[in-house]
Protein chains: 2
Amino acid sequence: MAMKALSKATIYQVAQLADVSIATVSRALRDSDLVTAETRERVRSAARELNFTPSRPARSLAEGRHAANGIVFPDLIGPYYAEVVLGYEATAAASGSSVLILATNGRPDAAAAVRELAGRVDGLTVMGRTVDDEVVAGIASTGLPVVLLARDPVDGVDTVRAGNSGTARALAEHLVGHGHRTLTFLGDPDESPDVAGRYAGVRAGSKGARLTLVRGKGLDLDSGRRAAEQLLTRAKPDAVICANDEVALGVLLAASEQGLRVPEDLAVTGWDDLLAARFAGLTTVRQPMRELGATAARWLNRRIDENSSEQNRTAARRRILATELVIRQSCGVHEEVRS
Amino acid sequence: MAMKALSKATIYQVAQLADVSIATVSRALRDSDLVTAETRERVRSAARELNFTPSRPARSLAEGRHAANGIVFPDLIGPYYAEVVLGYEATAAASGSSVLILATNGRPDAAAAVRELAGRVDGLTVMGRTVDDEVVAGIASTGLPVVLLARDPVDGVDTVRAGNSGTARALAEHLVGHGHRTLTFLGDPDESPDVAGRYAGVRAGSKGARLTLVRGKGLDLDSGRRAAEQLLTRAKPDAVICANDEVALGVLLAASEQGLRVPEDLAVTGWDDLLAARFAGLTTVRQPMRELGATAARWLNRRIDENSSEQNRTAARRRILATELVIRQSCGVHEEVRS
DNA sequence: TGGTGAAGCGGGTGCGCTCCCAAGTTTCGG
DNA sequence: CCGAAACTTGGGAGCGCACCCGCTTCACCA
């Protein structure tokens with residue numbers, strides 16, 4: 001069989017080869033039952049021979065839908081976002097839509113990029129600190145379904161997130177139960193709503209102890225390490241409660257450099273339960289990351305269906321998924337703890 | 001200002017409102033210098049008022065390009081792929097194209113999904129064990145630019161990968177240098193070309209020791225753990241060389257359960273240098289993950305430009321990025337090692 | 001055997017935009 | 001003061017496909 005089509009074949013060429021109209025080609029290839037089995041087969045083989053794939057833009061234009069949805073996240077650096085995105089992709093793909101990703105990652109033109117993305121999809125998930133509420137509201141007002149993930153709600157927009165304050169409170173109480181009296185929260189509540197929620201919970205759970213807030217910027221390992229280098233030489237907290245695991249791991253590194261033993265000299269906690277946390281013996285909080293992504297994708301799909309089937313729009317939904325305290329060694333000496 | 005357009009505005013409405021033709025709208029919005037500043041501004045404000053965003057499918061159809069490219073990977077579970085994808089996204093976005101992702105992840109219809117993806121992009125990056133060479137060749141023969149990542153080359157297709165055998169050999173030699181004489185390679189060379197390359201390198205470096213191959217399937221933590229549970233009760237190797245870090249971490253877990261000390265009773269090594277490896281004291285190999293993704297994106301872009309500018313196609317390129325041995329504690333007792 | 005309806009198929013329109021081509025307008029130099 | 005170059009702008013032809021109509025063709029029933 002000669003390999004013909006090096007340049008894209010169109011439906012017209014298939015129609016010509018199969019000696020039918022393009023309407024029939026369209027039907028045959030889309031499994032419509034309005035064509036004879038014989039015709040269908042003839043069309044199919046013609047399509048195969050020409051290596052034909054329908055032009056996605058043309059199809060989208062005609063159908064009025066993209067068959068794709070997008071997700072915007074600040075970064076993919078930590079395993080946290082990766083897991084969420086993976087959960088999202090799996091669910092979205094299962095319902096037949098492609099996934100566009102966009103990492104705002106300190107991009108200066110984030111808002112423009114998100115708007116551009118919005119023009120390519122049937123629905124959009126926006127995670128955390130990526131763009132202003134104003135941008136989100138603007139897109140949502142277009143009628144494009146939007147789901148917010150790990151982010152403060154916006155009027156009329158669905159929101160999925162993981163619980164922060166409740167578990168944070170439990171975490172702080174656990175620390176106090178260990179006898180720690182000088183607590184430091186390392187992280188900037190202004191950096192993300194998640195961090196804000198965690199700090200609030202920690203405050204609520206720190207009764208009977210002195211809590212200091214150190215606004216370390218950045219949520220990565222090096223930020224944590226640098227912040228800790230300064231912090232530990234100056235103050236002498238019993239425990240450092242970090243905004244996330246990466247920061248906590250950085251603190252662990254800094255502590256080790258300064259010869260501080262964890263947890264004897266210093267307790268450290270994180271948030272996210274990264275794989276590394278397990279091996280670092282880090283007490284932390286587990287979030288259902290995969291499930292966060294999956295839920296967002298599922299909700300988005302429902303909205304898209306709603307839109308197309310002219311149903312009356314249901315009210316904005318909000319859900320907070322449960323998080324779980326994971327006690328390991330870094331929070332204080334226990335009788336016997338192995339993960 | 002009344003919020004008009006809840007339903008998508010089109011270029012016609014903008015044209016009408018600005019009292020010009022759609023051709024002029026198109027020009028004005030695309031920064032063509034063939035329009036008066038005055039006209040441009042009028043069009044812009046009309047577009048703003050209608051909250052107009054050009055339809056991406058229509059534009060793609062007319063331009064004959066998607067302004068997007070895609071990346072296919074087996075999974076996003078490990079931090080490995082996440083980093084690569086992030087590097088890819090960053091570079092692709094910088095050159096103005098959106099990114100579509102597809103995780104084949106044990107999907108039964110992977111080939112179909114990849115073909116569908118191919119119809120949505122101007123270029124495609126295919127990573128590791130996702131689809132057969134046949135599928136790749138088929139897509140490439142369409143004229144669509146393709147770059148292979150961490151995968152055995154296919155005729156006429158660019159390939160970027162990280163070095164395996166050389167560093168693997170050095171790793172094995174290091175192990176032998178520690179005095180280990182009973183080596184086990186844990187991982188299935190048939191699972192991925194990377195694993196095959198690593199095994200080959202280890203074989204080359206194991207002179208003077210006995211090397212056993214244990215074909216543990218799966219490259220995740222639990223696979224490693226389960227494989228090790230069986231392995232360690234039966235055989236008693238001095239050292240287990242794992243196909244990647246996750247497997248190695250699983251082995252660490254299993255060893256700890258059986259009361260084996262690492263590295264005194266058992267040496268363990270991984271591959272990838274995950275964040276967790278650092279905290280587990282795991283000797284491993286670092287790959288330039290971000291750079292792998294970025295290179296793929298860059299090459300893809302070049303190919304796309306080549307295609308559109310009718311240049312004569314340059315020959316397929318291949319590059320192997322350097323990897324680096326990272327010695328920590330798990331490979332054997334050193335005088336003094338801190339990472 | 002004429003009538004009836006359903007199945008199978010093709011024509012043609014429209015999706016929203018880009019871009020070529022030509023028409024209209026302004027500006028200058030001779 | 002006229003004609004041509006230099007700008008602006010509009011008209012219109014696609015881009016490739018889906019889908020609404022309407023025409024044919026038959027099988028089937030009375």
Side-chain angles (χ1 to χ4, degrees), chain A residues 5 7-44 46-47 50-68 116 118-122 142-144 308, chain B residues 5 7-44 46-47 50-68 116 118-122 142-144 308:
Chain A
S7 43
K8 306 270 180 224
T10 73
I11 198 174
Y12 292 95
Q13 302 173 27
V14 177
Q16 186 173 9
L17 183 58
D19 196 30
V20 292
S21 75
I22 62 161
T24 300
V25 174
S26 177
R27 279 187 286 254
L29 262 28
R30 294 157 53 67
D31 283 320
S32 162
D33 48 355
L34 285 80
V35 280
T36 322
E38 192 268 335
T39 306
R40 194 200 321 274
E41 196 36 54
R42 192 149 41 89
V43 170
R44 290 246 170 102
L50 294 173
N51 199 2
F52 170 72
T53 310
S55 152
R56 191 60 242 186
R59 181 174 269 188
S60 293
L61 184 57
E63 287 182 328
R65 61 187 221 100
H66 302 271
E116 138 79 22
R120 295 178 166 270
V121 296
D122 300 319
T142 309
L144 189 79
S308 61
Chain B
S7 43
K8 307 270 180 225
T10 72
I11 198 174
Y12 291 96
Q13 303 172 27
V14 177
Q16 186 174 10
L17 183 59
D19 196 31
V20 293
S21 73
I22 61 163
T24 300
V25 173
S26 176
R27 280 187 285 252
L29 262 27
R30 294 156 48 69
D31 283 321
S32 161
D33 50 355
L34 285 78
V35 280
T36 323
E38 192 267 336
T39 305
R40 193 200 323 272
E41 196 38 55
R42 193 148 40 89
V43 170
R44 291 243 169 103
L50 294 174
N51 199 3
F52 170 74
T53 311
S55 152
R56 191 59 241 187
R59 180 174 270 189
S60 292
L61 185 57
E63 287 182 328
R65 61 187 225 102
H66 302 271
E116 137 79 23
R120 296 178 163 271
V121 297
D122 300 319
T142 309
L144 189 79
S308 62

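In what follows, every chain begins at residue 1, and chains take the letters A, B, ... in the order their sequences are listed. Only this structure's heavy atoms are used, side chains among them; waters, hydrogens and symmetry mates stay out. Just so we're clear, the structure is a prediction, and the values are computed from it rather than from any experiment.
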| request: Assign each of B/Ile11 and A/Thr36 to its nearest nucleotide of DNA chain C by heavy atoms, then name whichever residue's nucleotide is nearer the 5' end. | output: A/Thr36
| Value in whole Å for how far the C1' atom of D/dC19 lies from CG of A/Leu29 | 15 Å
| request: Calculate the interatomic distance between B/Gln16 atom CD and D/dG11 atom P; express it in whole Å. | output: 13 Å
| task | Output the single nucleotide from D/dG16, C/dG10, D/dA18 whose closest atom is nearest the side chain of A/Val20. | result | C/dG10
| query | Where do B/Arg120 and A/Ala67 come nearest, in terms of heavy atoms and distance? | reply | NH2-O, 2.8 Å
| request: Using whole Å, report how far CD1 of A/Ile22 lies from P of C/dG14. | output: 15 Å
| field | Nucleotide C/dG16, atom P - distance to NZ of B/Lys8 in whole Å | value | 11 Å
| query | According to a strict under-4.0 Å criterion, is B/Arg30 in side-chain N/O contact with OP1 or OP2 of C/dT18? | reply | yes
| Spatial distance of atom CZ (B/Arg30) from atom CZ (B/Arg40) [nearest 0.5 Å] | 12.5 Å
| query | Is any N or O donor-acceptor pair between the side chain of A/Arg56 and the base of D/dG16 shorter than 3.5 Å? | reply | no
| said: Please determine whether any donor N or O and acceptor N or O are separated by less than 3.5 Å between the side chain of B/Arg27 and the base of D/dG10. | reply: yes
| Value in whole Å for how far the C1' atom of D/dG16 lies from CZ of B/Arg120 | 15 Å
| task | Calculate, to the nearest 0.5 Å, the distance between atoms CZ and OG1 belonging to A/Arg44 and A/Thr39 respectively. | result | 11.5 Å
| Does the side chain of A/Ser55 get closer than 4.0 angstrom to OP1 or OP2 of D/dG16 through an N or O atom? | no
| query | Hey, does B/Ser60 reach any base, or is it just sugar-phosphate, or nothing, if we go heavy atoms under 4.0 Å? | reply | nothing
| remark: Quick note, B/Thr24 side chain, CB onward, closest among D/dT9, C/dC17, D/dG16 is D/dT9
| D/dA18 phosphate, OP1 or OP2, under 4.0 Å from A/Ser26 side-chain N/O | yes
| query | Rounded to the nearest Å, what distance is computed from the CD atom of residue B/Glu38 to the C1' atom of nucleotide C/dT25? | reply | 15 Å
| Does A/Tyr12 offer a backbone N or O that forms a donor-acceptor pair with the side chain of A/Thr10 under 3.5 Å? | yes
| Closest to the A/Glu63 side chain: D/dC17, C/dC17, D/dA18? | D/dA18
| said: What I'd like to find out is whether the side chain of B/Asp19 reaches to under 4.5 Å of the side chain of B/Arg42, using heavy atoms alone. | reply: yes
| task | Nearest whole angstrom, please: distance from the P of C/dT18 to the CG of A/Leu61. | result | 12 Å
| message | Suppose we call a contact any N or O donor and acceptor under 3.5 Å apart; does that hold for the side chain of B/Tyr12 and the base of C/dC17? | response | yes
| message | Tell me the interatomic distance from A/His66, atom NE2, to D/dC17, atom P, rounded to whole angstroms. | response | 18 Å
| request: For A/Ala23 and for A/Pro57, locate the closest nucleotide of DNA chain D by heavy-atom distance; then report the residue assigned to the nucleotide nearer the 5' terminus. | output: A/Pro57
